[in-house]
Amino acid sequence: MLPKSRMNKAEEALSEAEGKMDDRYRLGYHIMAPANWINDPNGLVQYKGEYHVFYQHNPFDENWGPMHWGHVKSKDLVHWEHLPIALTPGDACDTDGCFSGSAVDNDGELTLVYTGHHYTDKEKDIFYQNQNIAVSKDGITFAKISENPVIDLPPADSAHHFRDPKVWKHDDTWYMVLGNATQDNEGRVILYSSPDLRKWEYRGVLSQSDGTLGYMWECPDFFELNGKHILLISPQGIDRDGDSYNNLFQTGYLLGDYDYATNEFVHGPFTELDHGHDFYAVQTLLDDKGRRVAIGWMDMWEANMPTKADGWCGALTLPREITLGDQLEILMNPVEEITLLRKTEHNECKKRSILDNYLIETKEDLIEVKAVFDLTNADSPAVGLKIRGVEQEELILSYDGEGKQLTLDCSKFGKMKDGVRKAPLNANDLLSLRIFLDRSSIEVFANNGQTSMTSRIYPNEERLGIELFTVNGAVQIDELTYWTLQDTWK
């Protein structure tokens with residue numbers, strides 16, 4: 001078992017911090033730690049009929065620090081329950097951190113596969129990393145195995161970056177992808193295989209940067225979807241390119257065809273997965289309904305994080321189902337269970353032409369909005385909606401029909417600094433927006449998941465309402481409906 005003294009110390013620190021928190025920006029229906037810092041989602045898995053999500057966690061501080069694994073579970077992907085911390089660092093296999101990884105159900109034994117982090121010079125950020133396993137029979141209490149580390153060294157041609165194992169089973173063999181970098185600082189994903197999760201064989205490079213996709217590929221995930229194989233990666237070090245790659249680091253995918261026998265992955269170009277300010281380190285699971293469900297970290301390194309002053313920092317996105325579109329592009333939409341959050345429905349506008357603006361007043365801060373614009377005969381070159389504060393504050397979501405672009409502008413909303421993000425969207429004759437607002441987040445899904453935009457927002461003002469608008473012309477609103485949503489943490 002994990003040492004109780006370390007575990008008790010972490011739980012006590014977390015409990016003490018929870019009692020001191022300011023909850024002004026605490027989210028109502030997203031996964032958060034009880035207090036202090038979280039980042040990457042880890043170990044998405046179904047086990048004994050329940051969904052489990054783990055996450056990178058510092059229970060001692062609201063800043064990044066010695067990484068533990070926090071833990072929540074749910075029966076419906078909506079109502080989450082906090083469980084005891086699953087992993088604490090400090091053993092020989094993970095001296096300075098239990099970094100990101102994944103989880104599998106191995107014939108009733110819940111198995112966590114994670115990276116052990118070890119500093120050789122912390123001030124200069126010099127470290128080495130290895131791969132480890134912890135197991136559980138009840139899904140709550142975990143024991144690190146005596147064979148750790150199960151992979152002690154990266155390939156000889158690697159840099160020291162060697163982390164974030166994602167494991168799955170194909171036929172009778174376990175496979176693992178790992179984020180890695182070459183000695184020439186080119187990001188890549190490498191592949192291992194195992195008969196038993198304990199003894200691993202290096203199979204080679206799955207995919208590697210061509211020199212334009214950064215110096216390190218974090219948090220890889222590899223899976224088949226509708227006959228195609230998809231590699232999710234979070235590259236570090238991609239240069240900004242116009243409206244693309246505007247965050248410090250990115251998350252996106254490569255799509256193609258894979259041959260297990262030869263380890264050959266032939267794929268197309270890298271595509272960003274979400275175009276907002278705060279989406280990183282996404283991980284997926286295949287659930288018992290056959291769905292590929294994804295959850296990401298709903299923050300970004302070096303972003304403005306005002307909740308640190310409140311005693312907590314970090315959250316995860318809504319669970320999203322990943323599907324393939326007609327053009328072999330990834331579509332992301334909230335899982336169907338999200339409708340369980342709905343409390344009251346408000347049908348505010350139907351088949352109505354508007355000119356300039358139309359305001360729906362509501363002070364509710366936990367809402368889902370569905371807005372459908374008929375662009376067939378629109379006179380306006382741009383349409384959209386605003387989330388209005390009672391004074392000057394406004395968050396603007398607008399669509400440019402000529403430029404085929406969706407823009408999320410948070411620059412006039414609360415404590416945002418770098419406020420504008422833009423995404424390609426060909427809406428044709430119908431613009432459909434599904435928007436989830438929580439106390440300090442917005443998630444936008446446009447035209448059935450063709451484009452998504454996820455951002456943390458920190459309002460200063462009380463909510464006035466939702467305003468539909470046009471620019472220099474009229475447009476028909478087919479529907480404007482909003483739902484008030486449950487606060488699942490109260």
Side-chain angles (χ1 to χ4, degrees), residues 242-244 246 272 274-277 325-327 329 331-334 345-362 364 367-413 416 419-437 442-455 457 461 463-483:
D243 295 324
S244 299
N246 279 210
E272 282 190 273
D274 186 283
H275 297 268
H277 299 80
D326 293 339
Q327 305 303 313
E329 77 280 21
L331 308 178
M332 283 200 305
N333 288 286
E345 180 175 316
H346 303 263
N347 298 294
E348 296 289 342
C349 192
K350 193 172 184 68
K351 300 294 183 181
R352 174 171 181 162
S353 180
I354 67 166
L355 183 65
D356 295 331
N357 60 21
Y358 180 81
L359 177 66
I360 299 102
E361 293 191 20
T362 175
E364 297 287 341
I367 58 173
E368 175 190 349
V369 181
K370 181 181 180 183
V372 182
F373 298 79
D374 184 350
L375 306 180
T376 309
N377 299 306
D379 299 324
S380 174
V383 300
L385 62 79
K386 300 177 182 180
I387 307 301
R388 293 274 307 276
V390 292
E391 296 181 8
Q392 302 299 316
E393 205 163 68
E394 59 181 19
L395 184 153
I396 307 168
L397 184 63
S398 60
Y399 177 67
D400 174 3
E402 295 178 358
K404 307 297 183 186
Q405 192 170 62
L406 187 68
T407 298
L408 178 64
D409 184 351
C410 307
S411 59
K412 299 178 182 177
F413 199 80
M416 293 295 293
V420 179
R421 291 291 182 270
K422 298 182 178 182
L425 177 65
N426 189 355
N428 293 320
D429 295 333
L430 202 69
L431 173 65
S432 175
L433 300 174
R434 193 176 178 195
I435 302 161
F436 290 83
L437 283 159
I442 181 170
E443 290 166 275
V444 178
F445 303 90
N447 282 40
N448 298 313
Q450 288 182 35
T451 291
S452 66
M453 306 182 83
T454 302
S455 295
I457 53 176
E461 301 173 7
R463 187 77 44 81
L464 173 63
I466 307 158
E467 182 180 295
L468 303 173
F469 70 88
T470 69
V471 177
N472 300 325
V475 68
Q476 177 170 293
I477 307 300
D478 276 0
E479 178 185 357
L480 189 287
T481 303
Y482 78 89
W483 294 266

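Residues: numbered from 1 along the sequence shown. Treat the numbers as computed from the prediction; the structure is a model and nothing was measured.
Note that the CG atom of D243 and the CD atom of E272 stand 10.0 Å from one another [nearest 0.5 Å]. Rounding to the nearest 0.5 angstrom, the gap separating the CD1 atom in I360 from the CD atom in E348 is 5.5 Å. Here L375 contributes atom CG and L431 contributes atom CG; the two are 5.5 Å apart, rounded to the nearest 0.5 Å. Rounding to the nearest 0.5 Å places CG of D400 at 10.0 Å from CG of L406. Going from atom CD of Q476 over to atom OG of S380 covers 14.0 Å, rounded to the nearest 0.5 Å. Taking CZ of R388 as the reference point, atom CD of E467 lies at 4.5 Å (rounded to 0.5 Å).
A371 approaches L385 most closely through the heavy-atom pair CB-CD2, 3.9 Å. Nearest heavy-atom pair, Q450 versus L331, reported as atom, atom and distance to 0.1 Å: CA-CD2, 3.8 Å. Considering every non-hydrogen atom in both M332 and F445, the closest pair reads O-CD2, 3.3 Å. Residues A446 and L433 approach most closely at CB-CD2, 3.9 Å, considering heavy atoms. Between N246 and R421 the shortest heavy-atom distance is O-NH2, 3.4 Å.
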Practice task
Starting from the C-alpha separation in whole Å, work towards a yes-or-no answer on side-chain contact (heavy atoms from CB on, under 4.5 Å) for L437 and I387.
Solution key: CA-CA 9 Å; L437 283 159; I387 307 301; 3.4 Å; yes
Problem - side-chain contact (heavy atoms from CB on, under 4.5 Å) evaluation trace for V444 with L397 - result: CA-CA 9 Å; V444 178; L397 184 63; 3.7 Å; yes
Exercise for the section: Would you please test L359 and L464 for side-chain contact (heavy atoms from CB on, under 4.5 Å) and show each step? Expected result: CA-CA 9 Å; L359 177 66; L464 173 63; 4.2 Å; yes
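Listed by chain and number, the residues in a side chain to side chain donor-acceptor pair (under 3.5 Å) with H277 are S455 (sequence neighbours excluded). Residues satisfying the ring pair (Phe, Tyr, Trp, His ring centres under 6.0 Å) criterion with Y399, sequence neighbours excluded, are absent altogether. For E345, the side chain to side chain donor-acceptor pair (under 3.5 Å) test picks out N347, W483, with sequence neighbours left out. Here E393 pairs with nothing under the salt bridge (charged side-chain N to carboxylate O under 4.0 Å, His left out) rule; sequence neighbours left out. Not counting sequence neighbours, the partners of D478 by the salt bridge (charged side-chain N to carboxylate O under 4.0 Å, His left out) test are K351. A search for salt bridge (charged side-chain N to carboxylate O under 4.0 Å, His left out) contacts involving R463 returns nothing, not counting sequence neighbours.
Ring pair H346/Y482 is parallel by interplanar angle, where below 30° counts as parallel and above 60° as perpendicular.
Of the possible polar contacts, one joining the T470 side chain to the D356 backbone as a donor-acceptor pair under 3.5 Å is found. Panel note: side chain T454, backbone E443; no donor-acceptor pair is recorded below 3.5 Å. Counting only distance, with no hydrogens or angles, the side chain of N333 and the backbone of G449 share a donor-acceptor pair below 3.5 Å. At least one donor-acceptor pair under 3.5 Å links the side chain of E461 to the backbone N or O of Q392. Of the possible polar contacts, one joining the E329 side chain to the Q327 backbone as a donor-acceptor pair under 3.5 Å is found.
Looking only at atom types and distance, the side chain of E479 has a donor-acceptor partner in the side chain of T481 under 3.5 Å away. In this structure, a donor-acceptor pair under 3.5 Å is absent between the side chains of N447 and S432. Under the 3.5 Å distance criterion, with hydrogens and angles disregarded, a donor-acceptor pair is assigned to the side chains of D274 and S452.
The shortest side-chain heavy-atom distance between D379 and V475 does not fall under the 4.5 Å cut-off. Using a 4.5 Å cut-off on side-chain heavy atoms (C-beta onward), I477 and Y358 make no contact. A 4.5 Å side-chain heavy-atom check between T451 and H275 finds at least one atom pair inside the cut-off. Residues V372 and D374 fail the side-chain proximity criterion, which asks for heavy atoms closer than 4.5 Å. Side-chain contact check for T407 versus I396: every heavy-atom pair is 4.5 Å or farther apart.
The environment of K412 atom NZ is sparse: at most 12 non-hydrogen atoms of other residues, nucleotides or ligands sit within 6.0 angstrom.
By the 6.0 Å and 45° rule, K386 stacks over the aromatic ring of F469.
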